[in-house]
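Encoded as structure tokens, the structure appears first; notes follow it.
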Amino acid sequence: MVDANLFNYNFGFIKWILHTLFVLSILSAVSQNKAETSTYEIIVESAPDTIKVNSYCRNFKGAISKRDFLNAELFFDKALELCEKNNFKAGINSLIDIIHFQAIGAGYYKQAINFLFKVKEASIRMNYNIGVSGSINEIGIIYWRQNDTKQALYFYTENINYINKHKVKANLSAAYNNVGLALRQLNKYDMAVEYYNKSLQMCLESGDMECQANAYNNIGTIYQFKHDYEKAIEFHNKSLELRLQIADSIGISMSLGNLGWVLLEQKKFKDAEIYFHQSLGVSRRANDPEGIQEICEGLSKLYEETNQTDKALSYYKEFIATRDTLMNEEVKKELLVKEMQFRYDQEEEKREMEVKSEKMRQQLYTLMALLILFIALVFSLLLFKRFKLTQKQKDVIEKQKKLVEEKQTEITDSIQYAKRIQTTLLAHKEFLNKNLPEYFVYYRPKDIVSGDFYWATHAEIPNHNEEGSFYLAVCDSTGHGVPGAFMSLLNITFLNEAINEKGIYQPNEVFNHVRKRLIESISQDGGQEGMDAILVQFNKKDLSINYAAANNPPVVVRNKEVIELPYDKLPVGQSESESQFNNYSFQLQKDDMLYLFTDGYADQFGGPKSKKFMYHRLNELFVSLHHLPVSKQQAALADTFENWKGTLDQIDDVCIIGIRI
């Protein structure tokens with residue numbers, strides 16, 4: 001409270017004093033800059049124009065490196081003026097190179113675009129087409145680096161039109177390649193290949209092996225996106241052969257990695273593993289973090305698909321660590337660029353203030369110097385104390401924020417990985433397609449991972465039939481989110497154990513076995529963990545089913561009539577009742593719709609009065625949809641759920657499977 005009153009006291013007078021101090025500091029800096037500039041100009045002005053240009057270019061480059069944009073603009077303008085005056089084209093090339101490597105490379109895009117438009121206009125007046133083309137291309141690169149692909153494509157295309165109109169062959173290969181990159185980013189693959197081939201033709205004519213290797217790589221990548229793996233491998237191999245000849249380590253790693261990705265998409269896991277490890281070795285030796293990140297992601301996916309969980313997790317962790325390192329570097333760079341932009345804007349404001357302040361300079365020096373010094377000292381001490389206190393508080397807040405963000409990221413990454421593991425244990429689409437010709441699955445977890453799951457298997461039953469039996473389960477484990485996901489993994493394990501290891505084939509006996517295993521494993525302390533579930537055994541020959549149902553009834557819709565099948569009112573797990581599960585049978589008919597579902601859909605709150613959807617409304621929905629193709633049924637269920645839920649939160653996991661007989 002004391003500090004606030006002190007700062008409000010006689011504020012108009014203090015504001016005038018501070019303004020005067022600020023003006024005087026600017027005038028002092030201006031006087032010093034003018035003295036230094038005058039000395040520099042005396043030395044440079046005595047040299048020939050070409051030497052002056054080279055000197056100004058060096059100072060232009062140095063000023064950008066120091067982030068001194070005012071002097072950078074001064075040296076740039078002088079160099080450009082002499083280049084145009086003497087038709088000095090080499091100087092134009094030097095300026096474009098400095099802009100590319102120093103300004104664009106460091107992320108100073110606003111200043112770089114300003115410089116490039118000036119170079120372009122000067123090159124037009126000089127009739128120097130290479131300078132015009134280079135400037136247009138660099139502007140396109142700036143938009144590309146800012147992820148504005150459409151604007152980048154506009155300038156890349158303008159560059160090609162200019163090159164073709166004025167027959168400038170020097171930059172044509174790079175121009176075609178840049179257009180190809182932009183088109184690929186916009187998913188226009190056929191057009192991208194067309195431009196990459198034009199770039200390749202120019203590279204072949206010039207004999208530039210690095211250029212050829214890059215063109216082959218880009219063409220191979222397009223064919224990979226189009227799933228034309230034979231051509232993708234052909235072009236990636238051509239790129240690899242050239243990169244080996246020119247000893248391009250990062251390029252070699254890229255080509256090996258691309259071949260690994262193609263083979264992984266083809267499910268050729270052993271060959272993909274070889275290429276990935278070769279690529280990773282090259283990337284490590286070349287200290288290429290981007291290459292390491294790319295390959296670790298590939299190896300993680302490969303080992304995940306081959307059920308080598310430990311290796312998949314190890315490489316996934318390395319992928320995350322490398323990605324985070326690169327992201328942190330990008331964030332630091334972005335913050336530095338913003339800081340430099342702020343400083344540049346401040347210096348622009350100071351320069352405008354110079355003109356207004358010149359008339360007051362002598363008066364303010366003599367009349368206010370001592371008073372300003374005293375007031376500045378007092379306020380500096382007060383501000384320093386306030387700054388130290390504020391900085392200390394800020395540091396504490398930043399540390400706490402960083403800790404929370406790190407923990408949140410760790411938790412989210414772990415849950416996402418758990419989701420990938422859980423997804424691999426659900427019934428695979430290919431397996432369901434093989435055994436259920438016409439069906440849909442509407443699966444909507446409440447959180448990232450789910451307590452609801454659907455599982456299927458096929459068992460060869462002795463003395464049963466030649467085809468064996470197909471089993472399908474739709475289950476709702478206790479809880480949702482991470483606890484529910486753990487229960488679902490345990491329930492899947494016990495279902496698989498019963499049928500595929502113990503040879504238990506009657507659905508009710510399978511449930512009895514799973515209940516026993518759950519009680520033995522996790523319910524010794526009286527907990528109620530388990531699941532509500534339906535397990536159906538299909539007999540394809542006579543369209544009949546055997547099934548067990550725990551707290552969830554299967555539903556059949558036949559000729560606009562709902563048939564609720566019988567079920568047992570007890571869960572698969574610890575409960576007050578010790579009754580055994582019943583085995584039910586039902587004779588299906590052609591074109592029947594069989595629906596298996598959990599309670600999440602019916603229990604969802606929503607509608608105009610925020611009430612539950614309820615089972616009777618769900619059955620009416622089944623009747624209204626059962627005649628539609630299964631894909632449209634799924635879409636209608638999803639739309640109805642979203643409309644009913646509205647802005648309310650989803651309260652439980654949802655799983656519905658519909659099967660047309």
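Both backbone and side-chain heavy atoms feed into the values below; hydrogens, waters and symmetry mates do not.
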**Report entry** Student check: side-chain heavy atoms of Phe76 and Ile64 closer than 4.5 Å
**Finding:** no

Requested in this report: Enter the distance from Glu205:CD to Leu200:CG here, rounded to the nearest 0.5 Å.
Outcome: 10.0 Å

Query - Option from Tyr156, Phe155, Tyr109 for which ring-ring contact (aromatic ring centres under 6.0 Å, His included) with Tyr143 holds - result: Phe155

Requested in this report: Determine yes or no for a side-chain-to-main-chain donor-acceptor pair under 3.5 angstrom, with Asp447 supplying the side chain and Val449 the backbone.
Outcome: no

Query raised in the report: Side chains of Tyr176 and Gln201: closer than 4.5 Å at any heavy-atom pair?
Result: no

Requested in this report: Write down the atom of Leu80, the atom of Ala122, and the distance for their closest heavy-atom approach.
Outcome: CD1-CB, 3.7 Å

Query raised in the report: Under 3.5 Å, side chain of Ser123 to main-chain N/O of Val119, donor-acceptor pair present?
Result: yes

Query raised in the report: Going by distance alone, is a donor N or O of one side chain under 3.5 Å from an acceptor N or O of the other, for Tyr303 and Glu273?
Result: yes

Query raised in the report: If only atom types and distance count, is the side chain of Gln111 paired as donor or acceptor with the main-chain N or O of Ala72 below 3.5 Å?
Result: no

Query raised in the report: Are Glu194 and Lys198 close enough for a salt bridge, meaning some N to O gap below 4.0 Å?
Result: yes

Query raised in the report: For Met202, does its backbone N or O pair with a side-chain atom of Ser206 as donor and acceptor, under 3.5 Å?
Result: yes

Report task. Flag the pair Arg243 / Asn214 as yes when at least one side-chain heavy-atom distance between them is below 4.5 Å, and no otherwise. Result -> yes

Query - Non-hydrogen side-chain atoms of His100 and Asp97 separated by less than 4.5 Å - result: no

**Report entry** Rounded distance [0.5 Å steps], OG in Ser488 versus CG in Leu426
**Finding:** 7.5 Å

**Report entry** Chi angles and distances behind the ring pair (Phe, Tyr, Trp, His ring centres under 6.0 Å) call for Phe60, Phe115
**Finding:** CA-CA 11 Å; Phe60 172 51; Phe115 292 140; 5.1 Å; yes

Query raised in the report: Under 3.5 Å, side chain of Thr322 to main-chain N/O of Glu318, donor-acceptor pair present?
Result: yes

Report task. Test side-chain contact (heavy atoms from CB on, under 4.5 Å) on Ile130 and Lys89 and set out the steps. Result -> CA-CA 9 Å; Ile130 291 178; Lys89 297 176 180 177; over 6 Å; no

**Report entry** Asp148-Tyr154 side chain donor-acceptor pair, cut-off 3.5 Å
**Finding:** no

Requested in this report: Kindly indicate whether the side chain of Trp144, heavy atoms from C-beta on, has any atom under 4.5 Å from the side chain of Leu153.
Outcome: no

Query - Non-hydrogen side-chain atoms of Asn86 and Val53 separated by less than 4.5 Å - result: no

Query raised in the report: Closest heavy-atom contact between Ser239 and Ala213?
Result: OG-O, 2.8 Å

Query raised in the report: Any side-chain heavy atom of His236 within less than 4.5 Å of one from Tyr223?
Result: no

Report summary line: Of all heavy-atom pairs linking Ala286 and Ser249, the shortest is CB-CB, 4.1 Å

Query raised in the report: Stepwise, does the side chain to side chain donor-acceptor pair (under 3.5 Å) test hold for Asn187 with Tyr189?
Result: CA-CA 5 Å; Asn187 299 325; Tyr189 298 136; 3.2 Å; yes

Query raised in the report: Within a radius of less than 6.0 Å around CD of Gln391, do more than 12 heavy atoms belonging to other residues, nucleotides or ligands occur?
Result: yes

Query raised in the report: Are Glu84 and Lys118 close enough for a salt bridge, meaning some N to O gap below 4.0 Å?
Result: no

**Report entry** Check: Ser279 main-chain N/O paired with Ser253 side-chain donor or acceptor under 3.5 Å
**Finding:** yes

Query raised in the report: Is there a side-chain contact between Lys120 and Ile136 (heavy atoms, below 4.5 Å)?
Result: yes

Query raised in the report: Would you say Asn496's side chain and Ile492's backbone share a donor-acceptor pair under 3.5 angstrom?
Result: no

**Report entry** Spacing of CD1 belonging to Ile142 relative to CG belonging to Leu116, to within rounding of 0.5 Å
**Finding:** 5.0 Å

Query raised in the report: Can you find a side-chain donor-acceptor pair between Asn500 and Thr457 that sits under 3.5 Å?
Result: yes

Query raised in the report: Do the side-chain N and O atoms of Asn87 and Arg125 include a donor-acceptor pair separated by under 3.5 angstrom?
Result: no

Query raised in the report: Side-chain donor-acceptor pair under 3.5 Å between Asn177 and Asn218, yes or no?
Result: yes

Query - Under 3.5 Å donor-acceptor, Ser450 side chain and Lys446 backbone - result: no

Query raised in the report: Which word best sums up how the rings of Tyr229 and His227 line up, parallel for under 30°, tilted for 30 to 60°, or perpendicular for over 60°?
Result: perpendicular

Query raised in the report: Shortest non-hydrogen contact from Tyr316 to Ser300?
Result: CB-OG, 3.3 Å

Requested in this report: Report the relative orientation of the aromatic rings in Tyr454 and Tyr443; use parallel for angles under 30°, tilted for 30 to 60°, perpendicular for over 60°.
Outcome: perpendicular

Report task. Could you pull out the closest heavy-atom pair between Ala232 and Gln224, with the gap in Å? Result -> CB-N, 3.7 Å

Query - Heavy-atom donor-acceptor pair, Asn137 side chain to Ser133 backbone, under 3.5 Å - result: no

Query raised in the report: Under 3.5 Å, side chain of Ser55 to main-chain N/O of Ile51, donor-acceptor pair present?
Result: no

Report summary line: In this structure, CG of Asp288 is separated from CG of Leu280 (nearest 0.5 Å) by 10.5 Å

Query - Side-chain donor-acceptor contact under 3.5 Å, Asn164 with Tyr162 - result: no

Query raised in the report: Any ion pair linking Lys301 and Glu305 (charged N to carboxylate O, less than 4.0 Å)?
Result: no

Query - Gap separating the CZ atom of Arg58 from the CD1 atom of Ile98, nearest 0.5 angstrom - result: 10.0 Å

Query raised in the report: Regarding Lys238 and the six-membered ring of Phe235, is the cationic atom NZ or CZ under 6.0 Å from the ring centre and inside 45° of its axis?
Result: yes

Report summary line: What one should report as the nearest heavy-atom pair of Ser173 and Ser199 is O-OG, 3.0 Å

